[in-house]
Amino acid sequence: MKTNCIRLPLAALALFAASVTVQAQETAAAPAYTISANVGLFSQYIFRGISYTQEKPAVQGGFDVAHESGAYLGIWGTNVSDLALSNATGEIDVYGGYAKTVGDFTFDVGFLQFIFPGGKYDLVGGGTESLNTLELNAAVTWKFIQLKYSYAVTDYFGFSKKSFGADSDGSDYIELNANYEFMPSWIANVHVGHQKVKNYDDYDFTDWKVGVTKNFEGGWQAAVAYVDTNADKNFYTICDNGIRCKDTGDSKWLLYVKRTF
């Protein structure tokens, strides 16, 4: 009788210990946040249909931190042309926000801070005007379709009263994106967007893109896309010492290879 009374508590204790161990392992295997990095080689840097490397290659990469609550924060960078973005030696974007999924819908609100090291306009009479810009954004995604709106709370890319005669805070961009997986690991990409530069109507434009992305094992990804805009070439043509000129908003092809770690 004594032997049986001892064995039962020991067995229960063993089961309890095993349960605690399993729960601890599950907790350890599911951290509250994830960290990822990415790096890629692009045929050029295109932002909202405009080439900011004068259609020359770009190396891009960044880091992202995402919390299980839906909060996220990231940093990303690329080389740029100092002609397309006056005097800039590169572009660094710092962004963050909060995303929440409800059924088939994902709601996302966030910010995007554009930083252009060295990027500035030289003002008549002395002084400079920075190209740095801060946007707030909100997006809603249903399955593979996304509608996104971005609003500049600072002057947009250096368009200000000091540099060109009027402020441009309140500029906005609205876009519709569709990324449909038509075969396993093959994704069709379609995009259309419209940029409004407040008080500078001549710089408004609509851009669109059609492409395909292929995902590979090991975090590799490759893509090709056709991009075009209706941007007025009189305002988006950049010349190198008045000799070699490039319409940065004309039709172009984008190819890239990227890896996410």
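No experiment lies behind these values; they were computed from the predicted model shown.
Ser185 and Lys214 form a side-chain donor-acceptor contact under 3.5 Å, judged by distance and modelled atom types alone. Counted by atom type alone, Asn189 and Asn179 present one or more donor-acceptor pairs between their side chains at under 3.5 Å. The closest side-chain donor-acceptor pair between Tyr236 and Asp202, if any, does not fall under 3.5 angstrom.
For Asn230 (side chain) and Thr206 (main-chain N/O), a donor-acceptor pair under 3.5 Å exists by modelled atom type. Between the Asp167 side chain and the Lys161 main chain, a donor and an acceptor come within less than 3.5 Å of each other. Looking at Ser163, its side chain does come within 3.5 Å of a backbone N or O of Ser160 through a donor-acceptor pair. A donor-acceptor pair under 3.5 Å is absent between the side-chain atoms of Asp169 and the main chain of Asp155, judged by distance alone. When atom types are taken as modelled, the side chain of Tyr200 and the backbone of Ala166 share a donor-acceptor pair closer than 3.5 angstrom. Under a 3.5 Å cut-off, the side chain of Asn79 and the backbone N or O of Pro57 do form a donor-acceptor pair. Looking at Thr89, its side chain does come within 3.5 Å of a backbone N or O of Pro117 through a donor-acceptor pair. Ser171 contributes no side-chain N or O that, together with a main-chain N or O of Tyr156, makes up a donor-acceptor pair within less than 3.5 Å. Asp64 contributes no side-chain N or O that, together with a main-chain N or O of Ser36, makes up a donor-acceptor pair within less than 3.5 Å.
Note: Phe47 and Phe114 meet the aromatic proximity criterion, with ring centroids under 6.0 Å apart. Between Phe116 and Phe157, a ring centre-to-centre spacing shorter than 6.0 Å is recorded.
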- Query: Going through the checks in order, is the side-chain contact (heavy atoms from CB on, under 4.5 Å) test met by Leu83 and Asp240?
  - Reply: CA-CA 7 Å; Leu83 296 175; Asp240 183 0; 3.8 Å; yes
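Between Tyr203 and Phe159, the ring planes are perpendicular. Angles over 60° get that label, and only those under 30° would be called parallel.
Here Tyr98 contributes atom OH and His67 contributes atom NE2; the two are 10.5 Å apart, rounded to the nearest 0.5 Å. To the nearest 0.5 Å, atom CD of residue Gln60 and atom NZ of residue Lys258 are 8.5 Å apart. Asp172 CG to Tyr151 OH: the interatomic distance, rounded to the nearest 0.5 Å, is 8.0 Å. To the nearest 0.5 Å, the span separating CG on Leu85 from CD on Glu91 amounts to 7.0 Å.
Partner of Thr248 under the side-chain contact (heavy atoms from CB on, under 4.5 Å) criterion, chosen from Gln44, Lys233, Gln54: Gln54.
In terms of hydrophobic clustering, with Ile, Leu, Val, Met, Phe, Trp and Tyr side chains grouped at heavy-atom distances under 4.5 Å, Phe42 and Trp76 are assigned to different clusters. Note on Ile174 and Val109: separate hydrophobic clusters, where clusters join Ile, Leu, Val, Met, Phe, Trp and Tyr whose side-chain heavy atoms are under 4.5 Å apart, directly or indirectly. In the hydrophobic clustering of this structure, Ile46 does not group with Val257; members are Ile, Leu, Val, Met, Phe, Trp, Tyr whose side-chain heavy atoms approach within less than 4.5 Å, directly or through other members. At a threshold of 4.5 Å between side-chain heavy atoms, the hydrophobic network of Ile, Leu, Val, Met, Phe, Trp and Tyr places Leu131 and Ile75 in two separate groups. Taken together through direct or relayed side-chain contacts under 4.5 Å among Ile, Leu, Val, Met, Phe, Trp and Tyr, Val190 and Tyr256 form parts of separate hydrophobic clusters.
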Name each donor-acceptor pair under 3.5 Å that joins a side chain in residues 136-147 to protein atoms two or more places apart or in another chain, with its distance.
from	atom 1	to	atom 2	distance (Å)
Asn137	OD1	Gly110	N	3.4
Gln146	OE1	Asn177	ND2	3.0

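The 12-atom threshold is exceeded at OH of Tyr226, counting heavy atoms of other residues, nucleotides or ligands nearer than 6.0 Å. Counting non-hydrogen atoms of other residues, nucleotides and ligands closer than 6.0 Å to CZ of Phe235 gives a total above 12. Within 6.0 Å of OH in Tyr33 there are 12 or fewer heavy atoms belonging to other residues, nucleotides or ligands. More than 12 heavy atoms of other residues, nucleotides or ligands sit less than 6.0 Å from atom NZ of Lys252.
Salt-bridge formation is detected for the pair Arg48/Glu135: a Lys NZ or Arg NE/NH1/NH2 atom is positioned less than 4.0 Å from an Asp or Glu carboxylate oxygen. A salt bridge does not link Lys120 to Glu129: none of the charged nitrogens lies less than 4.0 Å from a carboxylate oxygen.
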